[in-house]
There are 2 protein chains.
Amino acid sequence: MTGMGRESFWTVDPSELLRVGKKFSLVDRPTDDTPGFDGDKEQGRGALAEGALVLAELQERMFATSRLGDRRRILLVLQAMDTAGKGGIVKHVMGSVDPQGVQLTAFKRPTPEELEHDFLWRISKRVPAPGMIGVFDRSHYEDVLIGRVRKLAPPEEIERRYTAINTFEAAQVACGTTVIKVMLHLSPAEQRRRLLDRLDRPDKHWKFDPGDIDERELWDEYQKAYQLVFERTATADAPWYVVPADKKWYARLAVQHLLVDALERMRLDWPKADYDVAEQIRRLN
Amino acid sequence: MTGMGRESFWTVDPSELLRVGKKFSLVDRPTDDTPGFDGDKEQGRGALAEGALVLAELQERMFATSRLGDRRRILLVLQAMDTAGKGGIVKHVMGSVDPQGVQLTAFKRPTPEELEHDFLWRISKRVPAPGMIGVFDRSHYEDVLIGRVRKLAPPEEIERRYTAINTFEAAQVACGTTVIKVMLHLSPAEQRRRLLDRLDRPDKHWKFDPGDIDERELWDEYQKAYQLVFERTATADAPWYVVPADKKWYARLAVQHLLVDALERMRLDWPKADYDVAEQIRRLN
């Protein structure tokens, strides 16, 4: 078993179980299972706290290494239907990492200026610097998801974008980025529960947008658009992971693992000083 | 006593004690006291954990309010000599806030492109959006600190900058920003201990830069430059706070309080829905 280094709580490496491979079929994937993890919610939360320490230390090592010239970095792309838990991943997984090592971008509806450029214009400005974990909360994939479902661009332009995305991501990989693409996979029934919960709680009304229900009514079209995304853009260098998201605690634990796994594969040591340590100590005495 | 709302652990509101007023004299300020707090390190850490929950909730309220059009936001400016603990503030104070509500910028030595512009060019691009807590790790004040000490600009240009800074900050305040400027006040002896600690630990070598000792040798000039900064830029709308920083736990607690205090003064409620809640519930049934 690989990639499970300092985390002790997986029965099988979930990276392999969650990665989109050939003949992947989204509609056949459950939304409520917990691949690689046998425990319950409480155990999952304990595991998340344990993994948080591992992730924070590995991230600091990558950051430190970058100060001495290493170019490696991570780009985590998060895509999902509304309420699937992207925000919770950012808060509860990325929240355990030193903010100095995280570069977060939430991509909203494009501005008029952004629409005047190619769809990758605003994306490429936000790729992470060396040593950082960049997180995209929504991304260039919106342009082939809502773009396709809502017919915001002609079919031939949508087609062109898959290739452009693969070319763009390959360039990121070539300059030292580990690209991790995650789709949080939710059931419509669970989404309904979460939307009703938001409507039921005045402290959550601000998180609700009537437009969320408009998109919900196009559920099947979105699932088909995701299926196409996987078929066209799940590459060896920039893989997709489909994470069951009906159980929020599992989705967080799984995404945390994908980051830990990527960092452990870098075999990061603390970088060696590029100055004479003894000489500097003398200067202070 | 004001501004102490949900935090129970202060004996006196530290905002008042730490704010730079008329006749402020930096050299007369201790670096190792704990104004407003009677407890020890362990109690300080407990208080920080308690305050973290208060800060996180208030920040979410400000963020929520901004989604419905409120323009308020916070800009926290951190300035200090090396090792004083700016990074620790970011990690341990801002680290308790949802990353989606924090916009952090660490200003480094200006790039050639940045040097081709006015010193506020790169700064103004990084001011926080509504609902956010923006954090500047170093800032435009470097241009009147190292700028003065190292004579990187002629004296009349340094003079001009104080006025430009006040004008710039007043404009931020006018569009809804609470500006909080913090100088972490360290003793040279404590800095020496911290530098030696970095040199003593291979996992901290990457945090050390021989240039830190070069700046250390100009300690008194930097303190004078800070004194001038306070005299020229401590305004009613954009006050400075000098926080004793020999005890890291106290500095973190004090800065956390300054943020909590600013947020409590906003009297934030959860924003009211701008849609018909009952109608949306019907759509889901």
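All chains are named by letter (A, B, ...) in the order of the sequence lines, taking the proteins before the strands, and each is independently numbered beginning at 1.
Within a 6.0 Å radius of CZ in Arg45(A), other residues, nucleotides and ligands contribute 12 heavy atoms or fewer. Around the NZ atom of Lys125(B), the shell of radius 6.0 Å holds more than 12 heavy atoms that belong to other residues, nucleotides or ligands.
Taking the six-membered ring where the residue is Trp, Tyr275(A) and Phe208(B) present tilted rings, their angle falling between 30° and 60°.
The greatest number of non-hydrogen atom pairs below 4.5 Å with chain B, out of Val97(A), Val277(A), Val135(A), is found for Val277(A). Considering only heavy-atom pairs separated by less than 4.5 Å from chain A, the leading option among Asn285(B), Asp274(B), Asp137(B) is Asn285(B). Of all the listed residues (Pro210(B), Ala273(B), Ser96(B)), the one sharing the greatest number of non-hydrogen pairs under 4.5 Å with chain A is Pro210(B). Of the residues considered (Asp212(A), Thr65(A), Asp214(A)), Asp214(A) shows the highest number of contacts with chain B, using heavy-atom pairs under 4.5 Å. Between chain A and the options Met94(B), Glu60(B), Gln103(B), heavy-atom pairs under 4.5 Å are most frequent for Glu60(B). The candidate from Ala56(B), Gly87(B), Ala278(B) with the greatest count of non-hydrogen atom pairs under 4.5 Å with chain A is Gly87(B).
For a residue to count as touching a neighbouring chain, one of its non-hydrogen atoms must lie under 4.5 Å from one of that chain's; by this rule Lys272(A) does not touch chain B. Heavy atoms closer than 4.5 Å to chain A are found in the backbone of Pro202(B), but not in its side chain. Contacts of Glu217(A) with chain B are made by side-chain atoms alone, with heavy-atom separations under 4.5 Å and no backbone atom involved. In this structure, chain B has no heavy atom under 4.5 Å from any part of Val102(A). Only the side chain of Leu68(A) comes within contact range of chain B, with at least one heavy atom under 4.5 Å from a heavy atom of that chain. For Asp269(A), no part lies under 4.5 angstrom from a heavy atom of chain B.
When all heavy atoms are compared, the tightest approach of Val243(A) to Ala251(A) is CG1-CA, 3.6 Å. Heavy-atom minimum distance, Leu48(B) versus His92(B): CD2-O, 4.2 Å.
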### Message
salt bridge (Lys or Arg N to Asp or Glu O under 4.0 Å) for Asp197(A) and Lys204(A)? Distances and angles first, verdict last.
### Response
CA-CA 8 Å; Asp197(A) 182 58; Lys204(A) 292 204 171 185; 3.8 Å; yes
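At a threshold of 4.5 Å between non-hydrogen side-chain atoms, the residues Tyr241(B) and His257(B) do not count as touching.
A side chain to side chain donor-acceptor pair (under 3.5 Å) with Gln79(B) is found for one member of Arg138(B), Lys181(B), Glu142(B) and no other, namely Glu142(B). Tested against Leu195(A) for a side chain to side chain contact (heavy atoms under 4.5 Å, CB included), the candidates Arg193(A), Arg192(A), Gln191(A) yield a single pass: Gln191(A).
Of the charged side-chain nitrogens involved, at least one lies within less than 4.0 Å of a carboxylate oxygen, so that Arg61(A) and Glu57(A) count as a salt-bridged pair. Using a 4.0 Å cut-off between charged nitrogen and carboxylate oxygen, Asp32(A) and Lys247(A) do not count as a salt-bridge pair.
Against chain A, the residues from residues 104-117 of chain B that qualify, each with a non-hydrogen atom under 4.5 angstrom away, are Leu104(B), Lys108(B) in number order.
With hydrogens and angles left out, the side-chain atoms of Thr31(A) and Glu190(A) include no donor and acceptor closer than 3.5 Å.
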